[in-house]
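Below, all heavy atoms of this structure are taken into account, side chains as well, without hydrogens, waters or symmetry copies.
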Amino acid sequence: MTFRFPGWGIGWFTPLLAFFAPVVAYGSFVDGSNVFGVFWLSVGLFAALTWFQQRWAAIPLIIYFLLALTGIVISFAATGFSVSLLGKLLFSCSGIYELVLWYRSPRDELFGDLLPEDVL
């Protein structure tokens, strides 16, 4: 298990999840919500595992984003449109899309893969 950049698709939001999910988990534990604390710790762990090329870690993250997407759609139906909900919707959809692409990718993306093939 080596530490490597997972590619530009998920490389922009997995560090955010890996660093900030434990902060949210801490806040959940302080508030006495242990279930959400464990949930956010697992989100941070799975996001960090993507940087070690553990493709299976994308599956729970996809499930988490689908759960979030369900909650967002319910909130849209209950409260109506808001810019905040729209941002959450776009982030969840983007996360699901990028994780599915990364999970199904036949090869690992390296920095060299960012160059055009005819240059290499």
Looking at every non-hydrogen atom in both residues, tell me the closest pair between [X] and [Y] and how far apart they are.
X     : Y      : value
Gln54 : Trp102 : O-CH2, 3.8 Å
Phe13 : Glu98  : CE2-CB, 4.0 Å
Arg55 : Tyr103 : O-CD1, 3.1 Å
Ala25 : Gly37  : CB-O, 3.3 Å

Residues at least two apart in sequence or cross-chain that pass side-chain hydrogen bond (donor to acceptor under 3.5 Å, both in side chains) with Thr14, listed by chain then number, are Trp51
Practice prompt. With the side chain counted from C-beta on, respond yes when Val100 and Phe65 share a heavy-atom pair under 4.5 Å apart, and no when they do not.
Written response: no
Self-check item: Atom CZ of Phe36: over 12 foreign heavy atoms under 6.0 Å
Solution: no
Would you mind writing out the side-chain donor-acceptor pairs for residues 78-96 within the sub-3.5 Å range, not counting sequence neighbours?
{"from": "Thr79", "atom 1": "OG1", "to": "Ser75", "atom 2": "O", "distance (Å)": "2.7"}
{"from": "Ser82", "atom 1": "OG", "to": "Leu85", "atom 2": "N", "distance (Å)": "3.1"}
{"from": "Ser92", "atom 1": "OG", "to": "Lys88", "atom 2": "O", "distance (Å)": "3.0"}

Run through the side-chain heavy atoms of Ile, Leu, Val, Met, Phe, Trp and Tyr, join any pair under 4.5 Å, and report what else lands in [X]'s cluster.
X      : result
Val30  : Tyr26
Leu101 : Tyr97
Leu41  : Phe29, Val38

The side-chain contact (heavy atoms from CB on, under 4.5 Å) partners of Ala21 (sequence neighbours excluded) come to Trp40, Val43
- Cluster overlap Tyr64 with Leu16, hydrophobic side-chain contacts below 4.5 Å: no
